[in-house]
**Q** 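Dropping the structure in here first, questions after.
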Amino acid sequence: MSRYDPSVIEPRWQTAWDEAGVFAARHDPARPKYYVLEMFPYPSGRIHMGHVRNYTMGDVVARFKAAQGFSVLHPMGWDAFGMPAENAAMERGGHPKDWTYGNIADMKAQMRPLGLSIDWSREFATCDPEYYGQQQALFIDMLAAGLITRKAAVVNWDPVDMTVLANEQVIDGKGWRSGAAVERRELVQWFFKISDYSEELLSALDGLKDWPEKVRLMQANWIGKSRGIEVDFPLTSPFAGQTALTCYSTRPDTLRAATFMAIAPEHPIARALAEADPKVAAFCEEARRGGTSEEAIETAEKLGHDTGLTVRHPVYPDKTLAVWIGNFVLMEYGTGAIYCCPGHDQRDLDFARKYRLPVVNAFHMPGETNVIGTEALVPAKDVTVAYDQHFTGITLSTAYDAIERSIDWMEAQGLGKGQVKYRLRDWGLSRQRYWGCPIPVVHCATCGVVPEKKENLPVELPYDVSFDKPGNPLDRHPTWRDVPCPTCGAPAKRETDTMDTFVDSSWYYARFTAPRSKTPTDAAEVDYWMNVDQYIGGIEHAILHLLYSRFFARAMHKTGHLPAKAIEPFSALFTQGMVTHEIYRTTDAQGRPVFHLPEDVIRSEAGATLKDGTAVEVIPSAKMSKSKKNVVDPMNIIAAYGADTARWFVMSDSPPERDVEWTASGAEATFKHLNRVWALCDRIGQMPADHRGEGDDDLARATARAIDEVTRSIEGFAFNKAIAALYGFTNTLAKANASTAVMKEAIRTLARLMSPMTPHIAESIWSYQGGDGLCAQAEWPKADPALLVDDTVTLPIQINGKRRAEISVAKDMAVPEIEKIALANEDVLRFLAGQPVRKIIVVPGRIINVVV
RNA sequence: GCCCGCGUGGUGAAAUGGUAGACACAGGGGACUUAAACUCCCCAGGCCGCAAGGCCGUGCCGGUUCAAAUCCGGCCGCGGGCACCA
């Protein structure tokens, strides 16, 4: 065997795998299938360590399952629509399509040398007309099935660029390019009616046993099921045709402490007031400032304007409450009007203190006075509190019980209606952008909104567009936009909005089962391959992508594109931690932030500079992101040490669910280790066939233990522990003095155990040591159970919980006998110093604790 | 602001109620070498001690338990998500 040279062996084995078609997914009804999928990448043009970690994890699972006899589907594609392509076109010229396909070619060229066991014959990009045409067919079917609707929605409007902005393009309430103050504007948009599935998506979470608990919890909170009551507050004098304000509240137990009302600036009453009163109009205008994100609204300063109107308290008619307009009340949620209990809600209290509104308690902590100062009294709902003069007569109660009693009482009095509500809103899919899947409908003056005929799909994006002006180029492309109505043939206009890119990623997993099908899916293929047995991706997708995919699978089932068994498309989910890195920032002449790639920054003990000496601000590690440019290029590691080193290293140190801070150190050490394995293989290969050693039994046991540990660790997604076990086994093997046959068997086992992580070197060892066929197709080793049990066990002895001694006893020794030996131990006697033993606890096989 | 996580040596971590620090990285010492690199061997949580050994120690404070890194309550710090980044 020559020296270890990955640049020679890695391409050789990759070619061998390709020629043998090892990774082509085969629809084989005789074998169990296993579908492993990693979240497909956005084609930024460069792979980074996060990709290497993500795809190596999936590859370990895919190779492991293949070795265990499964027919494995392990595909790869590109989440290729989205804003960066348009931004690139605006900043550097060129066309989003050319930029995207160029990036895909570049990234694929960087991924191939990793030696991933991917079936590349199934590759597609979401911007392929073949893919998005089928997505348009799905849209048309979903429209017909009543799963899609149109309604008004609020967007970020840049009044200078006259364009809609994404939330990330709104920085401190200003447009990222124009710097203009952003306004909230209403626009008619397309929506998927995901809220029809709120209860279904919530209750089905219980069945997702192999999803992380935290993801299910996050989704449950996002869906936000609440039980509350809808109450009318009568206006003391009717206004604008309204006689009452209708509010929804989840805390009717605090209704007595309501001291004022707040309505949204878009509320009909606020609009009517604004028409008559320029001061109200000015306030409503002001309240529309800022971005649409919940974060922006929740953290913005709460502003209010007193309308002068009052309402009567529905339960205590003597009380009247002032009606305010508040910039924090949203017309989209609930009824656009809320009643405020500053005593028991911090936001309401802050508002009340600011505008000198009254504050009262609905309850106190038992035995306390609880005068409200600057902090609202907000105990957990399961804490018993003392209600004051509560309308139901409740005195001591938890909030849980008081809420139920209040709802029952108010329903009985005809004052309100108990209701279940969900926080989950419909999914707005319209985007006023070019680089996305066109929404396949036509607007006709006589027929209204008409879906495109399926035989005309795909509705393809025109290539001849320019990005020199802000806004959507499809809007100013007459020959694409102006088409005859599919129904009546009269001149009509295409929808120029394109789809949210979350739509693209909500069904790609199904498409991989039959990527060239002339319909969105192929019944026989989805039936064999679905569901995804193991889905792997970043925790940042815990809510939106995964929830949308769960909805889409249901919608695809309803429209006949997926079988019922696939409505939960991902049987098991693993959320890997992120690869993080420091961020490097300078500012431009206008004071705006400019970010720099790590390779453009020179780091020293004193700080960081650019190559021209400009000082760079170093921001602590955060998720690697394109916009922050804190991404690391793994290609230099592959060039220097080979793919096996990169793969082993990203799997070795941190547990896969935890974030890992990228550092260059350690890759070198991995490479040295692989060299040691190579040399060990060489040495064993040259042992005389008749060599006899003393250590055959010990090595056989160590081999069995390694099989057991590596197998269990991979099954439990503890790849770092699998690698620790492989280090241990390699060290044992290197020191072993065993017979040639046992040594050879051990290193062939080592090759198979390493192969999911380091498939190329494993293949070389396998063939050199006389393994049959390709290691990639070899069966996974099985441990002999008889070799896994030890006859004796070491038991630590604690005295009052502190470890003081240890004894070695037979594995199956009876407890009384262990007690006797422990109490006779001389270290134990020394520590006891004659004190009487109060209790002795023996946990067989684990520990002994003597209590004095 | 709201929801969800995470916090253990100089570093990545292991131990998920039962011997805290496995396995590695960086570091120190030694062997080999004219020398260096490579390779191999040894040491290594902190404090006290010549040693034997002892005390302390898993972000901080408190609790449950024979026993807590692990379970519970409260704080602090860091990260993810917040519906148009993907």
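Nothing here was measured: the structure is a model prediction, and the numbers come from that model. Each chain gets a letter, A, B and so on, in the order the sequences are listed, and its residues count up from 1.
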**Q** RNA chain B in dot-bracket, Watson-Crick or G-U pairs under 3.5 Å, [ ] crossing, | other strand?
**A** (((((((..(((.....[....))).(((((.......))))).((((....))))..(((((..]....))))))))))))....

**Q** Can A/Arg830 and A/Asp827 be counted as an ion pair, charged N to O under 4.0 angstrom?
**A** yes

**Q** Reckon A/Phe831 touches a base, only the sugar-phosphate, or nothing at all at heavy-atom distances under 4.0 Å?
**A** sugar-phosphate

**Q** Tell me whether the side-chain N/O atoms of A/Lys802 come closer than 4.0 Å to OP1 or OP2 in B/C56.
**A** yes

**Q** Please state the C1' separation for the pair B/G57 and B/A15 - nearest whole angstrom.
**A** 16 Å

**Q** A/Asn800 near the nucleic acid: base, sugar-phosphate alone, or nothing, with a heavy-atom cut-off under 4.0 Å?
**A** nothing

**Q** Please measure how far the P atom in B/C66 lies from the corresponding atom in B/G79, and state the result in whole Å.
**A** 40 Å

**Q** Measure from the side-chain heavy atoms of A/Lys214 and tell me the nearest of B/C66, B/A86, B/C4.
**A** B/C4

**Q** Name the nucleic acid region contacted by A/Arg846, choosing base, sugar-phosphate or nothing; use a 4.0 angstrom heavy-atom cut-off, strictly under.
**A** sugar-phosphate

**Q** For atom CE of A/Met162, is the number of surrounding heavy atoms from other residues, nucleotides or ligands below 6.0 Å larger than 12?
**A** no

**Q** Using the P atom in both, what is the distance from B/G80 to B/G46, to the nearest Å?
**A** 33 Å

**Q** Just checking A/Pro655: base, sugar-phosphate only, or nothing, at a heavy-atom cut-off of under 4.0 Å?
**A** sugar-phosphate

**Q** Heavy atoms under 4.0 Å, any strand shown: does A/Gln189 hit a base, just sugar-phosphate, or nothing?
**A** base

**Q** So A/Thr100 and A/Trp435, side-chain contact (heavy atoms from CB on, under 4.5 Å) or not? Walk me through it.
**A** CA-CA 10 Å; A/Thr100 302; A/Trp435 194 233; 3.2 Å; yes

**Q** Pick base, sugar-phosphate or nothing for A/His541, based on heavy-atom distances below 4.0 Å to the nucleic acid.
**A** base

**Q** Where the side chain of A/Arg658 is defined as all heavy atoms beyond and including C-beta, which of B/G5, B/A14, B/G18 is the nearest nucleotide?
**A** B/A14

**Q** Please classify the glycosidic conformation of B/G73 as syn (within 90° of 0) or anti (everything else).
**A** anti

**Q** Can you check whether A/Ser654 has a side-chain N or O nearer than 4.0 Å to OP1 or OP2 of B/A13?
**A** yes

**Q** Within the structure, does a side-chain N or O atom of A/Lys721 lie under 4.0 Å from either OP1 or OP2 of B/A15?
**A** yes

**Q** Could you check A/Trp678, A/Phe649, A/Trp648 and say which one makes a ring-ring contact (aromatic ring centres under 6.0 Å, His included) with A/His673?
**A** A/Trp648

**Q** Name the nucleic acid region contacted by A/Trp427, choosing base, sugar-phosphate or nothing; use a 4.0 angstrom heavy-atom cut-off, strictly under.
**A** nothing

**Q** Parallel under 30°, tilted from 30 to 60°, perpendicular over 60°: which one fits the rings of A/Phe351 and A/Phe328?
**A** perpendicular

**Q** For B/C43 versus B/G81, give the span between their C1' atoms, rounded off to a whole number of Å.
**A** 46 Å

**Q** Just checking A/Ser430: base, sugar-phosphate only, or nothing, at a heavy-atom cut-off of under 4.0 Å?
**A** base

**Q** Using the C1' atom as the point on both nucleotides, what is the distance between B/C60 and B/G77, in whole Å?
**A** 10 Å

**Q** Quantified in whole Å, what is the P atom distance between nucleotide B/G21 and nucleotide B/U16?
**A** 13 Å

**Q** Would you tell me if any nitrogen or oxygen in the side chain of A/Asn720 comes within less than 4.0 Å of OP1 or OP2 on B/A13?
**A** no

**Q** Which residue, A/Thr163, A/Thr496, A/Leu187, A/Leu474, forms the side-chain contact (heavy atoms from CB on, under 4.5 Å) with A/Gln432?
**A** A/Leu187

**Q** Taking the side chain from A/Asp79 and the backbone from A/Phe40, do they hold a donor-acceptor pair closer than 3.5 Å?
**A** no

**Q** Look at all strands and tell whether A/Val850 reaches a base, only sugar-phosphate, or nothing, counting heavy atoms closer than 4.0 Å.
**A** nothing

**Q** Could you give the CZ-to-C1' distance, from A/Phe719 to B/A24, as a whole number of Å?
**A** 18 Å

**Q** Any side-chain N or O of A/Thr501 under 4.0 Å from OP1/OP2 of B/A86?
**A** yes

**Q** Say we look at B/G12 and B/G27: how far apart would their C1' atoms be, to the nearest angstrom?
**A** 15 Å

**Q** Between A/Gly82 and A/Met218, which residue's closest nucleotide on RNA chain B lies nearer the 5′ terminus?
**A** A/Met218

**Q** With A/Phe502 as reference, evaluate A/Phe81, A/Tyr548, A/Phe551 under the ring-ring contact (aromatic ring centres under 6.0 Å, His included) test and give the passing residue.
**A** A/Tyr548

**Q** Using the C1' atom as the point on both nucleotides, what is the distance between B/U19 and B/C25, in whole Å?
**A** 25 Å

**Q** I want to verify a distance call: between B/G1, B/A14, B/A86, whose nearest atom is closest to the A/Asp79 side chain?
**A** B/A86

**Q** Contact class for A/Arg804 (heavy atom, under 4.0 Å): base, sugar-phosphate, or nothing?
**A** sugar-phosphate

**Q** Between the base of B/C66 and the side chain of A/Asn849, is there a donor-acceptor distance below 3.5 Å?
**A** yes

**Q** For the pair made of CD in A/Glu168 and C1' in B/C82, what is the distance, rounded to whole Å?
**A** 14 Å

**Q** So, A/Trp190 versus A/Glu495: side-chain donor-acceptor pair below 3.5 Å or not?
**A** yes

